Amino acid sequence: MADDKDPFRQLKDLTQLKGQLEDIRQRVESEVPQGGSVLSSPLLKGFLAGYFIAKLRSAAIMGVLLGTCTGIYAAQNYNMPNIEQTIKGYFNSFKKSK
């Protein structure tokens, strides 16, 4: 009981609690984007993706699968240009010309 009234002990406990609260605040801020839109929530994104896929018809899914397989085949068997480098080069040349 005498230990409860010691002001230095109470100050030490408060300092420790402040550190713990700061750690919790930093973890929450790193997991939840501040100032973001409602669509930045991973739960909502997953729900919307699942809903969208559920609403697709089998023909649309088969079209996506066929297109993906065709793209994979073309990329493996033919000399396809690197789209990322082409676009970056285009924008870099556009910036240099100004």
Side-chain angles (χ1 to χ4, degrees):
M1 291 302 256
D3 196 30
D4 291 340
K5 297 190 181 204
D6 183 20
F8 294 112
R9 176 76 176 162
Q10 290 175 348
L11 183 62
K12 183 179 177 184
D13 291 342
L14 285 175
T15 305
Q16 183 181 11
L17 287 174
K18 182 181 175 188
Q20 290 173 353
L21 285 173
E22 182 66 26
D23 182 49
I24 291 171
R25 183 188 63 81
Q26 288 176 351
R27 280 193 271 160
V28 167
E29 286 179 352
S30 69
E31 292 177 9
V32 178
Q34 297 295 321
S37 69
V38 176
L39 292 177
S40 63
S41 167
L43 177 65
L44 185 60
K45 286 180 184 176
F47 174 77
L48 289 175
Y51 181 79
F52 179 73
I53 290 182
K55 289 294 179 182
L56 286 177
R57 298 190 178 164
S58 63
I61 293 173
M62 291 303 292
V64 169
L65 289 175
L66 182 64
T68 302
C69 292
T70 304
I72 291 171
Y73 175 80
Q76 289 178 351
N77 294 317
Y78 298 100
N79 188 12
M80 304 297 289
N82 188 341
I83 301 296
E84 181 181 5
Q85 289 179 352
T86 305
I87 292 173
K88 283 182 181 179
Y90 174 75
F91 283 121
N92 286 336
S93 67
F94 184 70
K95 288 179 184 177
K96 289 179 184 178
S97 66
K98 283 190 172 187

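Just so it is clear, the structure is predicted and the values come from calculations on it, not from any experiment.
- Note on residues 60-73: no pairs pass salt bridge (Lys or Arg N to Asp or Glu O under 4.0 Å), not counting sequence neighbours.
- In this structure Gln85 satisfies the side-chain hydrogen bond (donor to acceptor under 3.5 Å, both in side chains) test with no other residue, sequence neighbours excluded.
- Partners of Lys12 under the side-chain hydrogen bond (donor to acceptor under 3.5 Å, both in side chains) rule, at least two apart in sequence or in another chain, do not exist in this structure.
- Through chains of ILVMFWY side-chain contacts below 4.5 Å, Ile87 is grouped with Ile83, Tyr90, Phe91.
- Judged as a side-chain contact (heavy atoms from CB on, under 4.5 Å), and not counting sequence neighbours, the contacts of Thr68 are Val64, Ile72.
- Among residue pairs with one or both ends in residues 69-87, those qualifying as salt bridge (Lys or Arg N to Asp or Glu O under 4.0 Å) are Glu84-Lys88; sequence neighbours excluded.
- Applying the salt bridge (charged side-chain N to carboxylate O under 4.0 Å, His left out) test to Asp13 and every residue at least two apart in sequence or in another chain returns nothing.
- Going from atom CD of Gln20 over to atom CZ of Arg25 covers 15.0 Å, rounded to the nearest 0.5 Å.
- Take Asn77 and apply the side-chain hydrogen bond (donor to acceptor under 3.5 Å, both in side chains) test, not counting sequence neighbours, and it matches no residue.
- Residues in residues 70-81 take part in no salt bridge (Lys or Arg N to Asp or Glu O under 4.0 Å) pair, two or more places apart or across chains.
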